[in-house]
Amino acid sequence: QVQLVESGGGLVQAGGSLRLSCAASGRIFSSHAMGWFRQAPGKERKFVAAITWRGGITYHEDSVKGRFTISRDNAKNTVYLQMNSLKPEDTAVYYCAARYFGGGDWLRRLWSEYTYTGQGTQVTVSS
C-alpha cells in the first residue's frame, strides 16, 4: 500500500510561483511512477506531469511545459511540482498519484490507470 499526501497549494497572483509536494509513505518501489493531475471546477481531471521513481524520467503535458517541473527526492520520499508563471487557467485542485509499472511502459496519462491517489490541494491563481 502507498499513501500520498499533497501540500503546498494556495492563492497566488498570475505570474507567481508555487511548489506542490506529495509525500509518499508505504511500499514505494523503483518501478513506481508518480503523476500529477488537476481538476478545475466543472471540468474533468487532467494529466499534468509524471516521473519515474527510480530514474527520474519525466514527462510534462504541453500546456505546462516550460512552466511546470516535476521532480522527486528519493531520500524524502517526496515528489514535487514546481509551478512558475502561473495563469488563472491553472486554477484547480491538484492531485498526486502513483502506479506500479513493473517492466512495462511507465508513462500513463489517465487517472484511472493510477492505483494510489492523494486527497488533493487547491491552487487558485488570481488575475
Side-chain angles (χ1 to χ4, degrees):
Q1 293 293 325
V2 175
Q3 295 78 41
L4 304 173
V5 179
E6 303 97 333
S7 62
L11 174 64
V12 64
Q13 288 188 332
S17 298
L18 282 174
R19 188 178 78 160
L20 305 183
S21 299
C22 172
S25 59
R27 304 186 69 185
I28 300 290
F29 298 108
S30 60
S31 294
H32 269 102
M34 310 295 291
W36 283 100
F37 290 78
R38 64 185 179 182
Q39 186 168 20
K43 297 188 177 181
E44 63 181 12
R45 198 165 303 184
K46 292 187 177 181
F47 172 81
V48 175
I51 188 168
T52 58
W53 191 257
R54 179 179 182 182
I57 302 170
T58 64
Y59 180 88
H60 298 80
E61 198 70 352
D62 286 346
S63 61
V64 305
K65 200 171 293 184
R67 299 189 300 123
F68 292 9
T69 303
I70 190 171
S71 63
R72 91 270 188 254
D73 185 332
N74 289 2
K76 295 182 178 180
N77 272 9
T78 300
V79 175
Y80 302 99
L81 185 67
Q82 177 66 44
M83 306 186 296
N84 298 328
S85 301
L86 283 162
K87 305 175 182 179
E89 51 263 45
D90 294 318
T91 294
V93 177
Y94 283 72
Y95 298 89
C96 179
R99 61 179 292 271
Y100 180 77
F101 65 93
D105 292 337
W106 73 274
L107 180 62
R108 291 291 185 271
R109 298 162 60 187
L110 293 178
W111 178 255
S112 59
E113 295 184 280
Y114 285 75
T115 307
Y116 307 102
T117 60
Q119 295 300 306
T121 185
Q122 176 70 47
V123 172
T124 302
V125 184
S126 62
S127 57

> With a 3.5 Å distance limit and no angle check, can you tell me whether Q13 reaches the backbone of S126 through a side-chain donor-acceptor pair?
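Not confirmed, Q13 side chain does not pair with S126 backbone.
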> Restricting to non-hydrogen atoms, name the atom on S85 and the atom on R67 that form the minimum distance, rounded to 0.1 Å.
O-NH1, 3.0 Å
> If we only count heavy atoms from C-beta on, is the E61 to K46 side-chain gap below 4.5 Å?
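Answer no - side chains too far apart.
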> Mind checking whether Y80 and V48 sit in one hydrophobic cluster, side chains of I, L, V, M, F, W, Y counted as touching below 4.5 Å?
no
> For Q3 and S25, test the side chains for any donor-to-acceptor distance below 3.5 angstrom and give the result as yes or no.
yes
> Is any side-chain heavy atom of F68 less than 4.5 Å from a side-chain heavy atom of L20?
no
> Could you check if a side-chain atom of Q122 sits within less than 4.5 angstrom of a side-chain atom of T91, using non-hydrogen atoms only?
yes
> Applying ring-ring contact (aromatic ring centres under 6.0 Å, His included), can you list everything that pairs with H32, at least two apart in sequence or on another chain?
F29, Y100
> Minimum heavy-atom separation for R99 to E113, with atom names?
NE-O, 3.3 Å
> If I take atom CE from residue M83 and atom CZ from residue R19, how far apart are they, to the nearest 0.5 angstrom?
11.5 Å
> Is a salt bridge present between D62 and K65, judged by a nitrogen-to-oxygen distance below 4.0 Å?
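Yes, charged N to carboxylate O under 4.0 Å.
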> Any donor-acceptor pair under 3.5 Å linking the side chain of E6 with the backbone of C96?
yes
> Does A75 offer a backbone N or O that forms a donor-acceptor pair with the side chain of D73 under 3.5 Å?
yes
> Please find out if less than 6.0 Å separates the ring center of W111 from that of Y95.
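So the answer is yes for these two rings.
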> Going by ring-ring contact (aromatic ring centres under 6.0 Å, His included), name the residues that satisfy it together with Y114, two or more places apart in sequence or in a different chain.
F37
> Looking only at non-hydrogen atoms, find the nearest pair between R54 and N74 and report the distance.
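Looking at all heavy atoms of both residues, the closest pair is O-ND2, 4.3 Å.
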